[in-house]
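Chain identifiers are assigned alphabetically (A, B, ...) following the order of the sequence lines, protein sequences preceding nucleic acid strands; residue numbering begins at 1 within each chain.
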Amino acid sequence: MNASVFELALPQPFDFQQCLDYMTRSPLESLYRMDYSGVNRLLRVGSADRLVRVTCLEGRGVMQVQMLDGASLSLEDREQLTRYIKDWFDLDRDLKPFIKLLQGDPLLAPLAERFAGLRLVGIPDLFEALCWAIVGQQVNLAFAYKLKHRLAERYGIAADWEGATYRLFPLPERFAGESVESLCSLQLTKNKAMAILDVASRMAGGELSRDKLLKLNDSESVDQELTKIRGIGPWTAQYVRMRCLGDQTALPVGDVGLQNAVKKLLGLSLKPTPLELSALFDQWPGWESYIAFYLWRTLEV
DNA sequence: CACCAGGACGGGA
DNA sequence: TCCCGTCATGGT
């Protein structure tokens, strides 16, 4: 047994291919790279940047995590990486009740058929999640991916492996002393540039962190903590609760993609309003984020 | 050239 | 509190 590889038990249901399909949706994704059997990405583990490969042996019911540099992991590093991988693929969630909910609802049953085993792919790093949400405000996804790539390319750490370049999303500290103008040169709007610098500064100073947000007892407090930052509105806060904090009840009602998905689902002639979305989801309490995530998939498959 | 895109903000009723 | 105009930038 090589100490550079470890395994995690897979929950049921779990469909790795569904997760990979989601992650492959944009050819512009720059933070990880997929192939036929898994995904590689550069991650900071402890104080080192490690190239990590994730695959699944679904017959044995395990996920395999491999360090591509072949070097072993300390126990502490392995625990940290395990935490990250579990959050990335939402391995600790029991989806059985969710599948039951889908199957028992005529409106949602098709989702169970099409996406069974798909996990809500997370963005465990708060800074990355916030930046991704900020660059994604009110622009199409293709452009959002370009902006993220430019951020990673200019400010992130890179490592080459087998002819491909892998990038670590920049750390908040990297933006200390950066100007709004330098971010705007990447074609971020002024407001987005200022928001990212503000978030970076708060996180680097320890005032804002994922752990602190997780310790708040209700979603309203989280939204309040986040939306007090200029440039972070309700959509961004809800999005971060959904993709980063693992809040099953998060529902980005202002999301135009979700609105379009529901419009399609119900055969409406107009996009539903946030209020209408909220009322619709009242019948599925506790699984808002998963239903929203699955509905997003219906726009791309 | 119009309209859209996985919004945010501020002023006015 | 809710509504609405405005900002801002690339894609289609």
Length of the line joining A/Lys190:NZ and B/dC9:C1', which is rounded to integer Å: 15 Å
Residues 181-202 of chain A vs ring pair (Phe, Tyr, Trp, His ring centres under 6.0 Å), sequence neighbours excluded, gives none
Could you check whether A/Val256 gets within reach of a base, just the sugar-phosphate, or nothing at all, counting any heavy atom under 4.0 Å? sugar-phosphate
Can you check the A/Gln138 CD to B/dG7 C1' distance for me, whole Å? 5 Å
So A/Ile232, base contact, sugar-phosphate only, or nothing? Heavy-atom distance under 4.0 Å. sugar-phosphate
Side-chain cluster (under 4.5 Å, hydrophobic types only) that A/Leu75 belongs to, other residues: none
N/O donor to acceptor pairs below 3.5 angstrom from side-chain atoms of residues 190-197 of chain A, sequence neighbours left out:
from, atom 1, to, atom 2, distance (Å)
A/Lys192, NZ, A/Val135, O, 3.1
A/Lys192, NZ, A/Gln137, O, 2.8

Using atom CG of A/Asn140 as one end and atom C1' of B/dG7 as the other, report the distance to the nearest whole Å. 14 Å
Pairing residues for A/Tyr166 by the ring-ring contact (aromatic ring centres under 6.0 Å, His included) criterion, not counting sequence neighbours: none
Mind checking if A/Lys146 touches a base, just sugar-phosphate, or nothing, with heavy atoms under 4.0 Å? sugar-phosphate
Sorted by first residue and then second, give each side chain to side chain donor-acceptor pair (under 3.5 Å) pair with at least one member in residues 98-119 of chain A; sequence neighbours left out. A/Asp105-A/Trp284
Nucleotides bounding contact with chain A, strand DNA chain C, heavy-atom threshold 4.0 Å: C/dA8 to C/dG11
For atom NZ of A/Lys271 and atom P of B/dC3, their distance in whole Å: 13 Å
Taking atom P of B/dC4 as reference, at what distance in whole Å does atom CG of A/Asn260 sit? 10 Å
Would you say A/Arg230 reaches B/dG7's phosphate, i.e. side-chain N/O to OP1/OP2 under 4.0 Å? no
Rounded to the Å, how far apart are A/Trp296 CH2 and B/dA5 C1'? 14 Å
What's the NZ-P distance between A/Lys192 and B/dA5, to the nearest Å? 14 Å
Protein-nucleotide distance (A/Asp223, atom CG; B/dG7, atom P), rounded to Å: 16 Å
With heavy atoms under 4.0 Å as the rule, sort A/Leu141 into base, sugar-phosphate or nothing. base
So, is A/Thr227 near the phosphate of B/dA8, with a side-chain N or O under 4.0 Å from OP1 or OP2? no
